[in-house]
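To find a chain, count down the sequence lines: A is the first, B the second, and so on, and within it residues start at 1. Computation of the quantities below employed the complete heavy-atom set of this structure, encompassing side-chain atoms and omitting hydrogens, waters and symmetry-equivalent molecules. Just so it is clear, the structure is predicted and the values come from calculations on it, not from any experiment.
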Amino acid sequence: MAEEKLPTRAENFAEWYNQLVLKAELADYAPVRGCMVVRPYGWALWENITAWLDKEFKATGHVNATFPTLIPMSFFEKEKEHVEGFSPELAVVTHGGGEELEEPLVVRPTSETIIGYMYSKWVKSWRDLPILIVQWGSVLRWELRTKLFLRTAEFYWHEGHTAHATSEEAKEEMYRILDIYERFCFEQAAVPVFKGTKSETERFAGAQITTSIEAMMWDKRALQSGTSHYFGTNFAKAFEIQYLDKSNTLQFCETTSWAISSRIIGAIIMVHSDDQGLVLPPRIAPIQVVIVPIYKNEAEKAAVMEVADRTFSELKAAGIRLKMDDREEVTPGFKYNDWEMRGVPLRIEIGPKDVEKGSVALARRDKPGREGKTFVPQTNIAATVSAMLDTIQAALLEKALAFRDANIHDPKDYEELKQVVQDGWALSYWCESKACETKVKDDTRATTRNIPFNQPEHSGTCIVCGAPAKRKVYFAKSY
RNA sequence: CGGGGUGUAGCGCAGCUGGCUAGCGCGCUUGCUUUGGGAGCAAGAGGUCGUCGGUUCGAAUCCGUCCACCCCGACCA
């Protein structure tokens, strides 16, 4: 049944991705261009992602709140760079209740403006600071080219918005959040990322500093997987967020904002999955284990189900998220393929032979076929399975790290740089001039991703123009 | 918005030098036999051929129009 298989990644990566998202039932196309429906399985994955982040934000003193979807158009005009950055992709509401509105309302593409407006009402004294609010919701940007999860018109995210007394505090906040993002990627998503600073051209509209985490996908393109911005007093001045300090002097606040969006699901897909379908890291997988019972007749069924039910109960009691696939109408072989398409990390097969031998078969999703199959005793199954899930989680990260590092190059000269960014990343000295950045983009379509925090001891010379350069930057094609 | 492509059953496609009742694969429904890597057989259900107009005795098929979507470029989480 050829139609049920995916195209291979090698023959058509873009089509492989589209079909995988649809066939794994993560998402579907909505009737409105550029919009997607996140299906229950995809949303369960998103909930596991958001639950971890929410816990971390709360542990660092943040609280959740919700601001309106509609923002007065005039708010966008208060910060010059912000409006220039976002105006091409705004959706605008002009009518309400059958009448034309006096002032058009923007469907939020991000909430700095309305939150800035509210903060100006709430902040009067140094005692009111800091404000550490996170909003969970969706935003809308009128994108020209869309792709499920990676770039949709409406997408889901959290946006953190904080206001502080000092620039030191605000910058600390920006870095603190980036660290949380980094930990999420490594520990939960098994997606290795680099933390770094964005160049001036890649910076968020209205930010003084934009930091990001950047991940390498299977096709070696880069994906910005999270961002954290320091605004200085830009938005505080635009919205008059001011407080009286301890010496009774009126001061502008220092603000930040930061986000991880549903795009991260695209990263998880493109880093781990294979030609059989989705591969999910155990810690965020909606279903960590699926049990497939195998039998030919009623007598076998009774014996097999007894072991299967007992196994299910023991794993459930151990807190493992699992599913019993007791469908009668499809064959075991179909079920194997079905759950492999959905990326379930571990499959347990239990048949008559296992009943006889007191064993069960474990099949690892990250190692397809015979290589990933082992037979283990039924006794102490919860401990065995938990350990196996940890092993899979670690193996996914290790594999992704090895792949990433093998595809980062240190070109000797500009000619070599032009070569390597066609199928990989370059980490090179850069003089930080716009001219050199633009030249690379024009010549290769690769852009600067970020200037990593981890830098070599010594300075060097710009890979493009040869001028003295203090820091290295990642050049790569990106999504 | 520039370049390229595609619209025929839920999905993937064929038919397109005009011709009578529009086909195929998958999926779906019912029944029986199956079940350790995508089961088999049988019987069914499902389509105003993207839109509007033109040519013609006759249009899925030829011509024009509009619309939608996909891919490649300029912008972005």
So which nucleotide from B/G73, B/U35, B/G37 ends up closest to the side chain of A/Arg347?
-> B/G37
Assign each of A/Ile294 and A/Thr152 the nucleotide of RNA chain B bearing its closest heavy atom; nearer the 5' end lies the nucleotide of A/Ile294
Sub-6.0 Å ring centroid separation between A/Phe155 and A/Trp157 = yes
Nearest to the side chain of A/Asn337 - B/A77, B/G38, B/G73?
-> B/G38
When the C1' atoms of B/G4 and B/U48 are considered, how many whole Å apart are they?
-> 31 Å
For atom C1', what is the distance between B/C20 and B/G27, given to the nearest Å?
-> 31 Å
Taking atom types as they are modelled, is there a donor-acceptor pair under 3.5 Å from the base of B/G37 to the side chain of A/Glu340?
-> yes
Report yes or no: is the ring centroid of A/Phe155 under 5.5 Å from the six-membered base ring centroid of B/A77, with the two planes under 30 degrees?
-> yes
Taken to the nearest 0.5 Å, the spacing of A/Arg141 CZ from A/Thr146 OG1 works out to 14.5 Å
Side chain of A/Gln224 only, please: which of B/A77, B/U35, B/C72 is the nearest?
-> B/A77
Any A/Lys441 side-chain nitrogen or oxygen under 4.0 Å from OP1 or OP2 of B/C75 = yes
Between B/G54 and B/A14, how far is it from one C1' atom to the other, in whole Å?
-> 28 Å
Report yes or no: is the cationic atom of A/Lys357 (NZ for Lys, CZ for Arg) under 6.0 Å from the centre of the six-membered ring of A/Phe375, at an angle within 45° of the ring normal?
-> yes
Could A/Glu214 and A/Lys195 be called an ion pair, given the rule that one side-chain N must be under 4.0 Å from one carboxylate O?
-> no
Row check, A/Tyr474 ring normal vs A/Arg449 NZ/CZ: under 6.0 Å, within 45° = no
Could you give the CZ-to-C1' distance, from A/Phe204 to B/C76, as a whole number of Å?
-> 11 Å
Cation-pi between A/Arg108 and A/Phe86: NZ/CZ under 6.0 Å from ring centre and within 45° of the ring axis?
-> no
Distance between the P atoms of B/G18 and B/C24, in whole angstroms?
-> 25 Å
Centroid separation A/Trp425 to A/Phe475 less than 6.0 Å | no
Mark yes or no: A/Arg347 above the aromatic ring of A/Tyr336, with NZ or CZ under 6.0 Å from the six-membered ring centre and no more than 45 degrees from the axis.
-> yes
Of the candidates B/C70, B/G73, B/C76, the side chain of A/Tyr29 sits closest to B/C70
Considering only the P atoms, how many Å lie between B/U65 and B/C71, rounded to the nearest integer?
-> 26 Å
Mind checking side-chain hydrogen bond (donor to acceptor under 3.5 Å, both in side chains) for A/Ser74 and listing every partner two or more places apart, or none if nothing turns up?
-> A/Glu103
Nearest nucleotide by nearest heavy atom, which residue falls closer to the 5' end of RNA chain B, A/Ala361 or A/Arg203?
-> A/Ala361
For nucleotides B/U29 and B/G46, find the distance between their C1' atoms and express it as a whole number of Å.
-> 11 Å
Rounded P spacing from B/U56 to B/C13 in Å | 36 Å
For A/Arg145 and B/C72, is the shortest distance between a side-chain N/O and OP1 or OP2 below 4.0 Å?
-> yes
Among B/C71, B/A39, B/A77, find the nucleotide with the atom closest to the side chain of A/Arg141.
-> B/A77
Separation of the P atoms in B/C69 and B/A77, to the nearest angstrom | 24 Å
Among the nucleotides B/G37, B/A77, B/U35, which one has an atom lying closest to any side-chain atom of A/Pro332?
-> B/U35
To the side chain of A/Ser478, which of B/G73, B/U35, B/C76 is closest?
-> B/C76
Close aromatic pair by centroid cut-off 6.0 Å: A/His82 and A/Phe235 | yes
Considering only heavy atoms, which members of residues 352-359 of chain A lie under 4.0 Å from some atom of RNA chain B?
-> A/Pro352, A/Lys353, A/Asp354
OP1 or OP2 of B/G38 less than 4.0 angstrom from a side-chain nitrogen or oxygen of A/Thr331, does that happen here?
-> no
Measure across A/Leu20 and A/Met341 and return the closest heavy-atom pair with its distance rounded to 0.1 Å.
-> CD1-O, 4.0 Å
Represent RNA chain B in dot-bracket notation, 5' to 3'. Only Watson-Crick or G-U wobble pairs with both distances under 3.5 Å count; pseudoknot-style crossings use [ ] and interstrand partners use |.
-> ((((((((.[[[[.)...(...]]]].((((((.....)))))).....[.[[[..)....]]].])))))))....
Where the side chain of A/Glu143 is concerned, which of B/G38, B/A77, B/U35 is the nearest nucleotide?
-> B/A77
Against the side chain of A/Phe334, the closest entry in B/G73, B/A39, B/A77 is B/A39
